[in-house]
**Q** 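Next up is a structure, given as structure tokens.
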Amino acid sequence: MSLRLFNTLGRSLQEFKPLKANQVGFYGCGPTVYNFAHIGNMRPYVFHDVVTRALRYFGYQVTHVMNITDAGHLTGDDDSGEDKMVKTAIERNKSVMEIAEYYTAAFFKDTAALNVERPTVVCKATEHIAEMIALIQRIEANGYTYFAGGNLYFDVSKFPTYGDFARLRLDDQQASSRIEVDASKKNPYDFVLWFTKSKFEDQALQWDSPWGRGYPGWHVECSAMSMKYLGESFDLHAGGIDHVAIHHTNEIAQSEAATGRKWVNYWLHNEFLVMNAGKMSKSAGGFLTLKSLLDAGYEALDYRYLLLGAHYRSQLTFSYEALDSARSARRSLNERVLALRDKVGQATAPEALQPAALQRLAAFREALENDFSTPQALAELWGVLKEQNLPAADMLGAACEMDRVFGLGLADLKTEIVTVDPAFAAKINTLVQARTVAKQSKDWARADALRDEINTLGVLLEDSPTGTTWKQTARP
RNA sequence: GGCGUCGUACCCAAGUGGUAAGGGAGAGGUCUGCAAAACCUUCAUGCGGCGGUUCAAAUCCGCCCGACGCCUCCA
């Protein structure tokens with residue numbers, strides 16, 4: 001089979017055909033860096049990572065571009081006009097750019113913990129103002145704009161297919177029903193390409209432009225930067241489902257108005273992570289960061305595993321019960337892989353695998369080719385680890401091969417080396433010795449009493465034919 | 001009002017016409033003095049409800065019930 005993906009353009013499963021053989025240009029919408037990212041925000045980045053890894057696994061050379069939105073729409077969630085960047089900057093006596101850098105660093109710390117590979121190109125909006133201005137000039141030269149109330153607008157009436165992407169019906173829709181309509185707009189769907197006046201006072205970052213000093217509209221950055229790094233037409237663009245109606249619709253209009261050609265061939269949109277009560281958001285509460293999960297004793301990869309267990313186009317309901325389940329599953333996975341490694345040391349190379357393992361790998365590949373179905377692919381990972389009569393080296397080899405896409409760190413697993421206080425270790429060893437003596441003399445009561453005592457010190461005993469081992473389960 | 005999604009075992013979650021993946025939890029077993037760990041086995045005649053199409057439906061169609069997302073410079 002070949003790679004098929006669900007293209008928002010057409011809303012159907014389509015065979016993937018890149019513009020250039022064996023090469024893929026992929027643009028994934030990046031973060032807005034005016035606050036910490038919550039775990040729902042992290043879902044698309046793990047997904048983009050899987051897409052990139054899977055494409056590379058399939059043999060494509062992938063250029064993955066991600067933007068950092070550090071200018072242009074850095075306001076609060078409640079549309080109150082308060083610029084949170086400015087507010088935070090004043091509070092901390094820092095510049096706006098320092099704040100952006102702070103949250104950018106926090107973002108990459110989270111994604112790194114989640115084993116998300118760094119995109120090929122990471123580009124900041126503030127470093128591409130010239131490209132944006134140049135793009136807007138092209139749009140203007142092609143006659144798609146008008147200037148009103150101090151701002152340059154994109155005129156959607158000049159772009160007949162506007163709204164086709166999101167299947168909007170422009171006539172009978174109450175656009176922007178929840179916010180005040182901008183009186184300067186000819187059409188409610190028109191959007192700003194360049195602001196010199198906005199309802200927000202004191203925009204922190206401003207630049208000179210042919211239309212006056214101001215700042216770019218939000219949508220422009222993705223068009224300008226994607227074209228700079230991937231060309232005027234490219235293969236893949238991904239982002240959250242919420243961006244279909246506005247952000248991506250506008251990006252398509254302005255991009256194609258500028259170049260006169262089709263901009264993106266395939267669009268991938270991920271669904272949300274939701275809480276029981278609904279979507280996770282800052283205003284609605286339930287704002288969980290990756291750090292809060294780490295503080296609660298989970299590992300970042302537990303969360304990655306949880307995400308891999310659901311298809312990217314399905315809403316995933318977050319709960320600690322589900323995260324516990326993911327953690328248990330991943331621990332078990334790690335234990336199995338570690339045991340295999342202890343047993344054989346060397347994994348079988350992919351090309352030397354036995355038929356049963358190759359079949360699993362083929363099914364794994366097929367799952368990913370089917371619109372990146374990580375849940376099905378994960379089932380194949382478990383399948384190969386439980387395959388009867390398959391040599392351990394083959395299990396290990398197949399698992400490591402699959403992990404190139406899963407990114408669960410299976411290939412790098414090491415037996416955890418726990419540093420234990422020597423005095424504490426000596427004390428435990430003495431008790432264990434005493435228990436061993438008791439066991440040898442079949443004094444079960446004393447042996448059990450000693451085990452209880454050891455347990456209360458936060459240590460778990462494991463008897464085996466070769467002797468008793470122990471591990472710390474909690475800090476004493 | 002417009003656009004869109006979902007409802008599968010105790011929990012998470014695949015499956016898009018051919019007779020219910022996987023994981024977690026639970027249960028049973030092997031091992032063990034007993035535990036623990038590990039491993040093995042097991043776990044939905046049924047997929048929100050009612051109709052319909054079909055040789056065949058969780059999968060297609062209709063209606064109903066329920067949950068949710070977007071239309072805000074939230075992924």
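Numbered from 1 within each chain, the chains take letters A, B, ... in sequence-line order.
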**Q** Pick the C1' atom in rG48(B) and in rA67(B), then give their distance to the nearest Å.
**A**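 rG48(B) and rA67(B) have their C1' atoms separated by 11 Å.
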**Q** Please measure how far the P atom in rA38(B) lies from the corresponding atom in rA44(B), and state the result in whole Å.
**A** 25 Å
**Q** Taking the six-membered ring for Trp, are H248(A) and H219(A) ring centroids under 6.0 Å apart?
**A**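 For H248(A) and H219(A), the ring centres are not under 6.0 Å apart.
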**Q** Give the nucleotide from the list rC39(B), rC74(B), rC71(B) with an atom nearest to the side chain of Y34(A).
**A** rC74(B)
**Q** Are D443(A) and R435(A) close enough for a salt bridge, meaning some N to O gap below 4.0 Å?
**A** no
**Q** Roughly how many Å apart are rU42(B) and rG22(B), using the P atom of each and rounding to a whole number?
**A** 10 Å
**Q** Please determine whether a side-chain nitrogen of the Lys or Arg among R331(A) and D302(A) lies less than 4.0 Å from a carboxylate oxygen of the Asp or Glu.
**A**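 No, this pair does not count.
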**Q** If we take the P atom in both rC43(B) and rU32(B), what is their distance in whole Å?
**A**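 Result for the P pair: 28 Å, nearest Å.
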**Q** Hey, does H247(A) reach any base, or is it just sugar-phosphate, or nothing, if we go heavy atoms under 4.0 Å?
**A**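 The answer is nothing, as H247(A) stays clear of every strand by at least 4.0 Å.
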**Q** I'd like the C1' distance from rA21(B) over to rA13(B), given in whole Å.
**A**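 Roughly 10 Å separates the two C1' atoms.
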**Q** May I ask you to decide whether E299(A) forms a salt bridge with R304(A), counting only side-chain N to carboxylate O separations under 4.0 Å?
**A**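 Salt bridge between E299(A) and R304(A), a charged N being under 4.0 Å from a carboxylate O: no.
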**Q** Distance-only check: which donor-acceptor pairs under 3.5 Å involve side-chain atoms of residues 377-386 of chain A, not counting sequence neighbours?
**A**
residue : atom : partner : partner atom : Å
E380(A) : OE1  : R360(A) : NH1          : 3.0
W382(A) : NE1  : Y305(A) : OH           : 3.0

**Q** Roughly how many Å apart are rU59(B) and rC10(B), using the C1' atom of each and rounding to a whole number?
**A** 25 Å
**Q** Tell me: CG of L368(A) to P of rA14(B), nearest whole Å?
**A**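 From L368(A) CG to rA14(B) P: 15 Å.
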**Q** Considering every strand and a 4.0 Å limit on heavy-atom distances, what is the contact class for Q388(A): base, sugar-phosphate, or nothing?
**A**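 Sugar-phosphate contact only - Q388(A) comes under 4.0 Å of backbone atoms but never of a base.
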**Q** Restricting to salt bridge (charged side-chain N to carboxylate O under 4.0 Å, His left out), what partner residues turn up for D448(A), sequence neighbours left out?
**A** R451(A)
**Q** Wobble G-U and Watson-Crick pairs count when both distances are under 3.5 Å; given that, what is the 5' to 3' dot-bracket string of RNA chain B, with | for pairing to other strands?
**A** ((((((((.[[[..)..(...]]].(((((.......))))).....[[[[[..)....]]]]])))))))....
**Q** For a quick check under 3.5 Å, do Y27(A) and N67(A) share a side-chain donor-acceptor pair by atom type?
**A** yes
**Q** Along nucleotides 17-33 of chain B, 5' to 3', which nucleotides get a B, which get an S, and which get a -, given that the test is a protein heavy-atom distance under 4.0 Å?
**A** ----BSBS--------B
**Q** Can E369(A) and R365(A) be counted as an ion pair, charged N to O under 4.0 angstrom?
**A** yes
**Q** Mark yes when over 12 heavy atoms from residues, nucleotides or ligands other than R313(A) sit less than 6.0 Å from its CZ; otherwise mark no.
**A**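 Yes.
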**Q** Going by side-chain contact (heavy atoms from CB on, under 4.5 Å), name the residues that satisfy it together with P31(A), two or more places apart in sequence or in a different chain.
**A**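 side-chain contact (heavy atoms from CB on, under 4.5 Å) list for P31(A), sorted by chain: V33(A), Y45(A), M66(A), I68(A), F107(A).
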**Q** Quick check: on RNA chain B, is the nucleotide nearest R336(A) upstream (toward 5') of the one nearest H243(A), or the reverse? Name the residue that is more 5'.
**A**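 That would be R336(A).
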**Q** In whole Å, measure the gap between the C1' atoms of rG69(B) and rA58(B) for me.
**A**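 That atom pair is separated by 23 Å.
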**Q** For the pair made of CG in L114(A) and P in rA75(B), what is the distance, rounded to whole Å?
**A**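 Taking CG of L114(A) and P of rA75(B), I get 16 Å after rounding.
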**Q** I need the OH-P distance between Y189(A) and rG2(B), as an integer number of Å.
**A** 12 Å
**Q** For M395(A) and rC39(B), give me the distance from atom CE to atom C1', rounded to whole Å.
**A** 11 Å
**Q** Taking CD1 from I246(A) and C1' from rA75(B), how many angstroms apart are they, rounded to a whole number?
**A** 15 Å
**Q** Can you name the nearest heavy-atom pair linking G212(A) to W194(A), along with the distance?
**A** O-NE1, 3.2 Å
**Q** Mind checking the P distance from rG62(B) to rG4(B)? Whole angstroms is fine.
**A** 14 Å
**Q** Write down the distance between CD (E462(A)) and C1' (rC34(B)), rounded to a whole number of angstrom.
**A**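 One finds 16 Å between C1' of rC34(B) and CD of E462(A), rounded.
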**Q** Testing the 3.5 Å rule here: is there a donor-acceptor pair between the side chains of S157(A) and D155(A)?
**A** yes
**Q** If you look at every strand shown and take non-hydrogen atoms under 4.0 Å, does H219(A) touch a base, only sugar-phosphate, or nothing?
**A** nothing
**Q** Find the distance F6(A):CZ to rU16(B):C1' and express it as a whole number of Å.
**A** 12 Å
**Q** Strictly by modelled atom types, are Q254(A) and S223(A) linked by a side-chain donor-acceptor pair under 3.5 Å?
**A**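 Yes, a side-chain donor-acceptor pair sits under 3.5 Å.
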**Q** Considering every strand and a 4.0 Å limit on heavy-atom distances, what is the contact class for L333(A): base, sugar-phosphate, or nothing?
**A** nothing
**Q** Over how many whole Å does the gap from R43(A) atom CZ to rA13(B) atom C1' extend?
**A**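 The answer, rounded to whole Å, is 11 Å.
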**Q** Using a 4.0 Å heavy-atom cut-off across all strands, classify L381(A) as base, sugar-phosphate, or nothing.
**A** nothing
**Q** When the nearest nucleotide of RNA chain B is assigned to V244(A) and to H311(A) on a heavy-atom basis, which residue is associated with the more 5' position?
**A** H311(A)
**Q** Between the protein and nucleotides 4-7 of chain B, are there any N/O to N/O pairs under 3.5 Å, and if so, what are the atom names and distances?
**A**
none

